[in-house]
Amino acid sequence: MSSWSSLSRALAAATLLPTLALAAPRPEPTTPAKAGAVRETARPSKHYAIEQFMKTTLIRGASFSPDEQRVLYSSNQTGIYNVFSVPVKGGKPTQLTRSTTDSTFAVGYFPQDERILFTKDQGGNEQHHLYVRTPDGKEKDLTPGDKHRASFFGWSRDESAFYVLTNERDERFMDLYRYDAKTFERTLLYQNEGGLDVGDVSPDEKWLSLGKTNTTSDSDVYLFNVATKESKHLSPHKGIATWESATFDPTSSSLYLITDEGTEFTRAVRYVLATGKMEDVEKTDWDVMYTYFSKNGALRVTGINADGRTAIRLHDVKAGKQLDLPKLPEGDITGVSIGRSEKRMAFHHNGDRSPSNLYVFDFATKKVTRLTDTLNPEIDAKDLVDAEVVRFKSFDGMEIPNILFKPHQATAKQQAPALVWVHGGPGGQSRKGYNPMIQYLVNHGYVVLAINNRGSSGYGKTFYTADDQKHGKEPLQDCVEAKKYLATLPYVDGSRVGIIGGSYGGYMTLAALAFQPDVFNVGVDIFGVSNWLRTLKSMPAHWESRRQALYQEVGNPETQEAMLREVSPLFHAEKIRKPLLVIQGANDPRVLKAESDEIVQAVQKSKVPVEYVLFPDEGHGFTKKKNEAEAYSRTRAFLDQYLKKPANAPTN
C-alpha cells in the first residue's frame, strides 16, 4: 500500500484519534498563582440550553472526489452520523447516506469514479463492516456476516484495488485481503497466525510491515516478504522502547517508523530496504505521532503531540523545506488530506470555543475556503471559554499537566464548584480543543480541570509508564492532588469538587469514591470499569494481540487476582458514601453493561444516592445526538443537585 493509502486508512479511523493542532512552541510550566491571576476577570455570559448545544454539528473525515471538486465527510446533523459531500468552492452539502439507526462514517471516494466507501456497526457493538454506495444510491455490504469486524486499509498504488482487514477466519486476528475495485473479488495477502498487527503495505505490494505489541510501552516491527512469507526483525532492542511502522515511501525503497528507543520522546526514522540502514528523519522535544506522504511523494505530513495539541508540519520533500500552513484563528488543524494532484489539501480546524469545520487550502494561490459552519448560530462563541494548560506538583514532586476551563462568571467573590475530569485509557490524554460536554458544564458554572495524571500519553515514556501496575493508587493520588490544586485558585470553592470521567476515567471516578471516600463530593462514571477481573477476562477477541500488554499495564487476572480485587471498586463499594451517577451503553463490548449494573446495585445497598442512565442503542461512547443530550442534561441535573449547592446543605 502506498503512503497515500496510509493516509486514507488513518482518516477512516479518525473517530478514535486525538485532534491535531497548529504548531506552537512548548510553553513554560504555569504555576497555580499565575493560572488563578490570569483568569480572574469575570464577564457576563449567556447560559445555553442543552437543546442549543445539540444543534451544533460535529464532523469527521475528509476525502476528495476523483476530480477534486468535492469533499466527502461525515456529519451528525441528522441526529446520527451520515455521509455528506460538499463542493470545494463552498455551497450546500449533499447528504449521501440516510441511516436513521446506526451512525455511518465516510471512508472516501473511489479514485476513478463517484462510488464511495463507508463503514458502520450495529448499535455501538464495534462490529464494523465496509460498504460501497453507487451514485444511484444503492448500498452493498462488502464484508457480510454477523460475527466479525472489517476495516478499510487503503488503496493500491495503481488504484485498481483496495485492502481490507477482517477477523472472519479467526476472531482473534485480522487477516489482510486485496479487493478488486470493479468486481470486489478478493485475494488473501496475509493470513495472520501470530497475532501481529499489519502496519502498511508497500506500493509495489512486495512487502508488509507488521507490528508486535509486547507491552503498552514496548513494541517491535517486522518486515514481511509477501512472496517468500519470510519476516525480518527490524527493531531488536534492549530495555523498554516503542517501535511502530508509519508508512512506506511511494517508491517502496524505505519504511518510515516511529520509535523512542534511546530517547524520552518518539521520533521518525526510516529503514532503507536496499541497504538495511536505519536513518533519523525527524524529532522534536515532544512525541512525533505519525508521518505520511501525499500520493506521489511530493509532500510529507507529520503530526507532533505538543503539550495537549498537535503541531502539524508540512514538508516539501524535493526542496527539503517545511511549508507554511494556512493562517487561521487560534486552534487546531485536524485530518489533513492531500488531493491526488497534490495541488490542494482538505483539513478540519477546531478551537476550544469552536467545533471542527472543514476547509480546503490551495497550495498555489494560498486561498483558504471554509466549507462548513458547525456551531449553532444561536450560540455566541464569546460565551464559551478558552482552555489553559496548567501544571501542579503531585504528592511525590512529579509535575502533572492539565487543561483548565474556567467559567466567565467565576471570581473570588463568586466562587464556583469544580470537577476533576479524567480521560480514558489507560494511556489516553486530555487535550485542548472543543469538547461539547465540558463547554456545556462550564457554561453552567462549573470549573473543569481535565487532568493528565501519570500514565497519560504525550509527556515522555517515563511519565507514560509511571502508572503501570499502580492503578487505583498513584494515578488516583494525582487526582486527589488536583483537587488541592483547584482549591488554590481564587475563583474555586474547594469544598465543592467532584470527579468525572469516561471509560478508564469512569474507573478513576469509582476508585476515587471507593478508595478516597472523603475527598470528592460527587462522582460521574461514564461506562467505567468497576471490576478489573471481569474486564480483563472479557476483552473483545480481536484485542488478542494486545492482551498481554494490557495484563502488564493493569494486571493479569490469572496470576494477580488478589491485586486486581484490591483495586476494583466493585469489591469495595460499601466504602462509597458520596452521590454517584453512572452512564452506560448496553452494547458496550469493552466495558460490559454488567460493570455498571453491579456497581449501581452495590452502592444502592448502602443507601447512597445513585442514579443510573442506560442507553439501549449505544456502545462505548455516543453516536446519537438524542443520547448525548440526555447524558449531558442528566449529568448537569445531578451536579446541580449534589454539587452546586453549598457543601453543608442537606443532600435530600
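Numbers for residues simply follow the sequence, beginning at 1.
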Is any NZ, NE, NH1 or NH2 atom of the basic residue among [X] and [Y] found under 4.0 Å from an Asp or Glu carboxylate oxygen of the other?
X      : Y      : value
Glu126 : Arg590 : yes
Arg169 : Asp175 : yes
Glu598 : Arg534 : yes
Arg547 : Glu544 : yes

Using the ring of each side chain (for Trp, its six-membered ring), is [X] parallel, tilted or perpendicular to [Y], with breaks at 30° and 60°?
X      : Y      : result
Tyr507 : Tyr504 : tilted
Tyr222 : His233 : parallel
Phe615 : Phe622 : perpendicular

*With side-chain contact (heavy atoms from CB on, under 4.5 Å) as the test, would you mind laying out the steps for Asn214 and Lys212 before giving the verdict?*
CA-CA 6 Å; Asn214 304 315; Lys212 180 183 179 182; 3.5 Å; yes
*asked:* Tyr131 vs Phe118, test: ring pair (Phe, Tyr, Trp, His ring centres under 6.0 Å). Steps then yes/no.
replied: CA-CA 5 Å; Tyr131 298 80; Phe118 65 89; 5.1 Å; yes
Distance-only polar pair, side chains of [X] and [Y], donor-acceptor under 3.5 Å:
X      : Y      : value
Asp597 : Tyr612 : yes
His542 : Asn167 : no
Asp588 : His620 : yes
Asn350 : Thr334 : no

*asked:* Measuring centre to centre across the rings, with the benzene-like ring taken for any Trp, is Tyr190 within less than 6.0 Å of Phe224?
replied: yes
*Apply salt bridge (Lys or Arg N to Asp or Glu O under 4.0 Å) to the pair Asp478 and Arg454, showing each step before the final yes or no.*
CA-CA 7 Å; Asp478 292 339; Arg454 68 190 67 201; 2.8 Å; yes
_Non-neighbouring partners of Phe173 that pass ring-ring contact (aromatic ring centres under 6.0 Å, His included), sequence neighbours left out_ = none
*For Tyr81, is the NZ or CZ atom of Arg60 found under 6.0 angstrom from the centre of its six-membered ring and inside 45 degrees of the ring axis?*
yes
*asked:* Less than 6.0 angstrom from the centroid, inside 45 degrees of the normal: does Lys575 satisfy that with respect to the ring of Phe515?
replied: no
_What verdict does the salt bridge (Lys or Arg N to Asp or Glu O under 4.0 Å) test give for Lys624 and Glu630, after you've listed the backbone C-alpha separation in whole Å, the side-chain angles of each residue and the deciding distance to 0.1 Å?_
CA-CA 10 Å; Lys624 300 173 177 65; Glu630 182 176 353; over 6 Å; no
